[in-house]
There are 2 protein chains.
Amino acid sequence: MKLSTKGRYAVTAMMDLAIHDRDGPVTLADISSCQGISLSYLEQLFARLRQSGLVEGVRGPGGGYRLGKPSNQISVADIISAVDETIDNTRCKGNLDCNKGERCLTHHLWNDLSERLYDFLNDITLSEFIKDPEVRKISQRQDSTASRIATMFPPRSIAS
Amino acid sequence: MKLSTKGRYAVTAMMDLAIHDRDGPVTLADISSCQGISLSYLEQLFARLRQSGLVEGVRGPGGGYRLGKPSNQISVADIISAVDETIDNTRCKGNLDCNKGERCLTHHLWNDLSERLYDFLNDITLSEFIKDPEVRKISQRQDSTASRIATMFPPRSIAS
DNA sequence: TAATAACCTAGTAAATTAGTATGTAATTAT
DNA sequence: ATAATTACATACTAATTTACTAGGTTATTA
């Protein structure tokens, strides 16, 4: 389990999709301008997210990306795993057989820790975030008064 | 909170110190040969660990490094924070004021998540690892084995 | 038919990680 | 005292990863 800004980009982008799940697909151009990440880089990240079934793309005008599963079935660990190819570069490759035992103990301990971390992040799903009262507020207002919000927050063009 | 192999190196090295805390200081040369990390790189990592008070160095023959605090006062989060300078490169720098509110919501959510992750790793201290039955076993017969292992597994092509 | 936006690939710039080289300073053992 | 050992320090380089740029193609909608 690795955790870098790359993973964060993916997670925040997925949060974005989760928040606007009801409003139709979200374009990468949108996320790009709003979160300040290059479009092409986002495309690369989303290629991986799509391969993992976490998102699905909709082509053409009015298209974009939407979640590939219900938000309660997408964990933070899923997202990070999808974009960060976690290269295990311990000497023993998880077989715990390097250095004839003793020294590899630390790898064993690290594996334990890593697993606990994974479990922790695997328990946190996107659905948790849309429960946030602040998110609900914004997400709901977009349902009813989409156009007004659109002028209030120009970066995002809300799909109609 | 960032989590890279650099952080892992630091954590496993600290685990090593914790395991052998009673046997006197552990040399970086030892950790270097055993964990396959270059000596100089370890020195750089330990410079940071020392600055954070997580370890203290003992010079001269028979010297090395030992824990700077009791193992139950050193958390995984402490170690990772010491070596990974966590540059916050969200646009809003944690002030949650970028993109006029709405869009920054994801940063807010990420901050929440990041905080939870920190708390999680901050609750795991080195003392936990030495409780591991396997570790206890090896830790006890350690004094004699250290030098033997050094000759059994000489450094590969690591700096002199 | 034109615009949109996903989808795809190759190349490059920037940043970080990891390692090399070469010291000095403190301490211990001979 | 002297030599060996080990921390401590700095500058530089190699390797890897991250992020971006630039050029496409396909599918879909208006």
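Naming convention: chains lettered A, B, ... in sequence-line order (proteins, then strands); numbering from 1 in each chain.
- Identified under the salt bridge (charged side-chain N to carboxylate O under 4.0 Å, His left out) test for residues 110-124 of chain A, with sequence neighbours left out: A:R116-B:E128.
- Proximity of A:Y65 to the phosphate of C:dC7: a side-chain N or O atom is located under 4.0 Å from OP1 or OP2.
- Here A:F46 contributes atom CZ and A:I31 contributes atom CD1; the two are 4.0 Å apart, rounded to the nearest 0.5 Å.
- Rounded to whole angstrom, the span from the CG atom of A:L3 across to the P atom of D:dT17 amounts to 16 Å.
- Of the candidates C:dA18, C:dA6, D:dA7, the closest approach to any side-chain atom of B:K6 belongs to C:dA18.
- Taken residue by residue, residues 39-49 of chain A places heavy atoms nearer than 4.0 Å to DNA chain D at A:S40, A:Y41, A:Q44.
- Without hydrogens or angle criteria, B:S32 side chain to B:L28 main chain gives no donor-acceptor distance under 3.5 Å.
- No hydrogens or angles considered: nothing links the side chains of A:S40 and A:S38 as a donor-acceptor pair under 3.5 Å.
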Going 5' to 3' through nucleotides 25-30 of chain D and flagging B where a protein heavy-atom sits under 4.0 Å of the base, S where only the sugar-phosphate is that close, and - otherwise, we get -BBBB-
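- Taking 4.5 Å as the limit, every side-chain heavy atom of B:I130 sits out of range of all side-chain heavy atoms of B:D21.
- Minimum atom distance to the side chain of B:K2 is reached by C:dT16, of the listed C:dA6, C:dG19, C:dT16.
- Rounding to whole angstrom units, CD of residue B:Q51 and C1' of D:dC8 are separated by 11 Å.
- A search for side-chain contact (heavy atoms from CB on, under 4.5 Å) contacts involving B:S114 returns B:M1, B:W110, not counting sequence neighbours.
- Note on residues 68-79 of chain B: pairs passing side chain to side chain donor-acceptor pair (under 3.5 Å), not counting sequence neighbours, are B:S75-B:D78, B:S75-B:N122.
- Each of A:S38 and B:T27 was matched to the nucleotide of DNA chain D holding its nearest heavy atom; the match closer to the 5' end belongs to B:T27.
- Rounded to an integer number of Å, the gap from CD1 of A:I37 to P of C:dA14 is 19 Å.
- Distances shown here put a side-chain N or O of A:R50 below 4.0 Å from the OP1 or OP2 atom of C:dC8.
- The CG-C1' distance, from B:D84 to C:dA15, rounds to 14 Å in whole Å.
- Atom pair A:I31:CD1 and D:dC20:P shows a separation of 14 Å (rounding to whole Å applied).
- Between the side chains of A:H107 and A:N111, not a single donor N or O lies within less than 3.5 Å of an accepting N or O.
- A straight line from OH of A:Y9 to P of D:dT18 spans 12 Å, rounded to a whole angstrom.
- Of all nucleotides listed (C:dA6, D:dA7, D:dT18), D:dT18 comes nearest to the side chain of A:S4.
- In this entry the distance linking CG of A:L28 with P of C:dC8 reads 13 Å, nearest Å.
- Sorted by first then second residue, the salt bridge (charged side-chain N to carboxylate O under 4.0 Å, His left out) pairs that include residues 43-61 of chain B, not counting sequence neighbours, are B:R48-B:E85, B:E56-B:R66.
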